[in-house]
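In what follows, a single structure is set out as structure tokens and then discussed.
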Number of protein chains: 2
Amino acid sequence: MRDTTPQGTYKVQALDRAFAVLDLLGESDTPLGLAQVASSLQLHKSTAHRFLMVLERHRMVERTPNGKFRLGLRLFDFGNRAIEQYDLRDRAQPHLRRLVTETEETAHLCILEAARVIYLDKIEPARSVRMITRIGASNPVHCTSVGKAILAFLPPERAAEVVRRIRFERLTHRTIATPEALRAEMEKTRRRGYAVDDEELEEGLRCIAVPLLDAQRLPVAAVSISGPSFRVTAQKLPSIANQLLQCVRGISVDMGYVSSSRANRAATAAWTA
Amino acid sequence: MRDTTPQGTYKVQALDRAFAVLDLLGESDTPLGLAQVASSLQLHKSTAHRFLMVLERHRMVERTPNGKFRLGLRLFDFGNRAIEQYDLRDRAQPHLRRLVTETEETAHLCILEAARVIYLDKIEPARSVRMITRIGASNPVHCTSVGKAILAFLPPERAAEVVRRIRFERLTHRTIATPEALRAEMEKTRRRGYAVDDEELEEGLRCIAVPLLDAQRLPVAAVSISGPSFRVTAQKLPSIANQLLQCVRGISVDMGYVSSSRANRAATAAWTA
DNA sequence: CAAGGAATCTCATATCTTGAGAATCTTGAT
DNA sequence: ATCAAGATTCTCAAGATATGAGATTCCTTG
């Protein structure tokens, strides 16, 4: 049996399998029957069944009236405990909300994990095509404005470390495809103070992001505005960037990273060491 | 080694243990070291270590800079996938938000699972003492307004089944403590159309809830308003109940449970097959 | 710089998971 | 109704897999 195990030396077969089951159910947008689970994962009916029963007992999985399996609400519980540590999310929300009202476009709050950015929160404007992103999901750093915003303001060594981990997959024809190109882009980002993703993640989607710096002036997250390229035009970028900076400044104050009074030092200048 | 396994026949030791680890980390509000995890769970250092490494590989746990363990963001991802199925949450949110603006008190959206209610969403008013509830968490049916609201409108057999499962623990001196008392309370709830929790869950906290009925007029969720007893006074209950009904009506329409025009035809007749 | 505490790692052993297959339950077609 | 096809649940013997004692290494702190 081939295992889906990512690289890593420690192994507990049962766990890898269980998570494979959860993964599968998480990917599928419709509940799956035992047989489907078993065959998709190359598990024996019997084995898959046992796993599902145990997962169900833990409420990690639940059954629809017709007996199919889907993710259970225990995961929702765990998920909420997991972000609770990041009280960033709660504190940032009001600011994001205001930002969305102003810009009429979707706002995201993201953090960096390994070489991917994770969406901690998303606020959508009242009337707008729903974006496909799901809170909790992740994207590669190099093709998102948030990723670039964080990366650009990370200390050189840590940034290099992240870049090393990137697998430069091409998602659109504009996706940055080499470490060199990415480094150049980061330079540009630092100069203007905000990062742009110009249809590099998805055709027709343009995003702009600024980093949220903590008390040590290290980026802990990024806030972005995303929208269809025809609405988020190149001309509007500077003004949106401004609104983003304002928003981030508010969050910084709320988080206690900066005192509200002297909250105005340009983030750009601060980075020297 | 004693296992924490709930009742249930199927067993996979490794899974039960892994979830015990997650549970432990979820309960603790500070990250835990390997030794703490091992001793709390009566696992061998070595075993606990292996589990943590595997969980970390799957990003179910992550390590703080000083090497302690806490819940990982993968859980956040899974959690969000898990509620995605309940698009109820998204649809209800705007209505809840309006409700909160009107009442200036905290609103909850809950569903029933087994004999507990699970908090799908919580909206807090701008200025208010933060409530202790965590989205995703759960409480026993019998001591919450939401629980009683759903229970009261469930078909008799299903309600009975739920009641059978309740372990009548006393959380305050007012907590309903017997099936009979609960049945009486349900009768009362049906008569007036809304459920009340008068400091039965927590001293000083009063809540009021109404059920959200689907197209078959079966309760699928409940919406509540909670606040300190001195603000959510007995006199205000009817007027809050009214606002709740309004809110729930809006959600029903959004969910397509009722047509907005003739929102009041009893769909009772529809249930035959 | 040493000592104590914590985290990692190794490996032989037996425990726990595995999966073949039989039994049972559903579903849909006739 | 009745049957067949498909899906799910259950049992149990075999052996692969997780286990944990303990040795080793890595930090921390005095």
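In what follows, every heavy atom counts, from backbone to side chain, and hydrogens, waters and symmetry copies are set aside. In the text below, chain A, chain B and the rest are named by the order of the sequence lines, each starting its count at 1.
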Q) 5'-most contact on DNA chain C: A:Ser46 or B:Ser46, nearest heavy atom basis? A) B:Ser46
Q: Can you tell me the distance, in whole Å, between the CG atom of A:Leu52 and the C1' atom of D:dC10?
A: 15 Å
Q. Can you check the B:His49 NE2 to D:dG20 C1' distance for me, whole Å?
A. 14 Å
Q.
Using a 4.0 Å heavy-atom cut-off to protein, can you give one letter per nucleotide of nucleotides 23-30 of chain D, 5' to 3': B if the base is in contact, S if only the sugar-phosphate is, - if neither?
A. B-------
Can you check nucleotides 12-15 of chain C for protein contacts, nitrogen or oxygen pairs under 3.5 Å, and list what you find?
none

Q) B:Ile176 and side chain to side chain contact (heavy atoms under 4.5 Å, CB included): which partner among B:Glu185, B:Arg183, B:Met186? A) B:Glu185
Q) Under 4.0 Å between a side-chain N/O of A:Arg63 and OP1 or OP2 of D:dT9, yes or no? A) yes
Q) Base, sugar-phosphate, or nothing: which does B:Gly67 touch, judged by heavy atoms less than 4.0 Å apart? A) nothing
Q.
Measuring from the side chain of B:Arg50 (C-beta onward, heavy atoms only), which nucleotide among D:dG20, C:dG19, C:dT8 has the closest atom?
A. D:dG20
Q) Which nucleotide in the set C:dA7, D:dT9, C:dT18 lies at the smallest distance from any side-chain heavy atom of B:Tyr10? A) D:dT9
Q) Knowing that exactly one of B:Thr133, B:Thr144, B:Asn139 qualifies, which makes a side chain to side chain donor-acceptor pair (under 3.5 Å) with B:Tyr119? A) B:Asn139
Q. Between B:Phe78 and B:Arg74, is there a cation-pi geometry (under 6.0 Å to ring centre, at most 45° from the normal)?
A. yes
Q) Within 45° of the axis and under 6.0 Å from the centre of the six-membered ring of B:Tyr86, does NZ or CZ of A:Arg70 qualify? A) yes
Sort me out a list of protein N/O and nucleotides 12-14 of chain D N/O pairs below 3.5 Å, or just none if empty.
none

